[in-house]
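For reference, the structure is listed below as structure tokens.
Side chains are part of it too, since the values below use all heavy atoms of this structure and drop only hydrogens, waters and symmetry mates. Counting convention: from 1, in listed order, for ligands and their atoms alike. This structure is a prediction, so every number in the text was calculated from the model and none was measured.
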Amino acid sequence: HLSKRLQVVADLVDEGARLADIGSDHAYLPCYLVEKNKIEWAVAGEVVQGPYQNAKKEVESRSLHDRIAVRLGDGLAVLSPSDSINTVTIAGMGGSLIQSILEKGMEESKITGTEVLILQPNINERTIRDFLVQNQYEIVEETIVEENRKIYEIIKAVPSDNPLTYSEKELLFGPILLEAKPVAFIKKWKSMQQKNQYILSQMEKSESPDEKKLNTLRKELNLIEEVLS
Ligand code: SAM
């Protein structure tokens, strides 16, 4: 049984994928997918000893060690070409960390840019979308879920034949979420609006506010107002 958030990630994985789940912690996601026979085989990668041990225990206790390789290492460094990975999931980390893991993986040829990516950043979704555009990915699915009073976005992207551009608004809010505007999306951006308004009011009170930051904040607030109206 997966959390609502991880269930969304699982549902977006294609049937028969060869999966790398990076930052897998207990390896709940690959275990679920293999047990459901939705996928054949997976790598569960972890950089921290504790979570790595958790993953190993989980996989052993469910007798899935033939189908899930649990590996200790930084990001995508745990992969080798013979793994023939075609799908990468990274969930439950900040957007900047996810982006740096993917970038490093590209540089070190651990991934080729042809893999399906399913990403669930806890914050900074925009950073992820910037990365996707720069690497000629197309966003094909976006979902937003609320769990334990937190709101999470899940983004699925596939390599595209032609370079894509997204507008400022699409990069910030997500091209698909922006169209659908689900309940959790409205809730998230109302709360972001309040947060930003507060930060802005505090900054405006300061003697020497950072003009660049002020402008960015004002621009973002304008976009939020537009989207919510
Ligand atoms: N993916 C699971 C989920 O979504 O429920 C676990 C999320 S947990 C909050 C984040 C995990 O990512 C931690 O176990 C942490 O050790 C791992 N992690 C952080 N940086 C990593 C990196 N560079 N490479 C591999 N794992 C990393």
Just checking, any donor-acceptor pair under 3.5 angstrom between side chains of Glu226 and Asn222?
no

Give a yes or no on whether a salt bridge exists between Glu142 and Lys156, defined as a side-chain N under 4.0 angstrom from a carboxylate O.
no

Could you give the N/O to N/O pairs under 3.5 Å linking ligand 1 and the protein, each with its distance?
| residue | atom | partner | partner atom | Å |
| --- | --- | --- | --- | --- |
| ligand 1 | 1 (N) | Gly23 | O | 2.7 |
| ligand 1 | 1 (N) | Ala91 | O | 3.0 |
| ligand 1 | 4 (O) | Arg5 | NH1 | 2.8 |
| ligand 1 | 4 (O) | Arg5 | NH2 | 3.4 |
| ligand 1 | 4 (O) | Ala91 | O | 3.3 |
| ligand 1 | 5 (O) | Arg5 | NH2 | 2.8 |
| ligand 1 | 14 (O) | Glu46 | OE2 | 2.6 |
| ligand 1 | 16 (O) | Glu46 | OE1 | 2.8 |
| ligand 1 | 23 (N) | Asp74 | OD1 | 2.7 |
| ligand 1 | 24 (N) | Gly75 | N | 2.8 |

Which pairs would a plain distance check flag for residues 97-108, meaning a side-chain donor or acceptor within less than 3.5 Å of a matching protein atom at least two apart in sequence or in another chain?
| residue | atom | partner | partner atom | Å |
| --- | --- | --- | --- | --- |
| Ser100 | OG | Leu97 | O | 3.0 |
| Lys104 | NZ | Asp74 | OD2 | 3.0 |

Test of understanding: with side-chain contact (heavy atoms from CB on, under 4.5 Å), list the residues that count as partners of Glu147, not counting sequence neighbours.
Ser3, Lys4, Arg5, Tyr152

Taking NZ, NE, NH1 and NH2 as the nitrogens, is one of them in Arg18 or Glu40 under 4.0 Å from a carboxylate oxygen of the other?
no

Taking only residues two or more places apart in sequence, or in another chain, which ones meet Tyr166 in a side chain to side chain donor-acceptor pair (under 3.5 Å)?
none

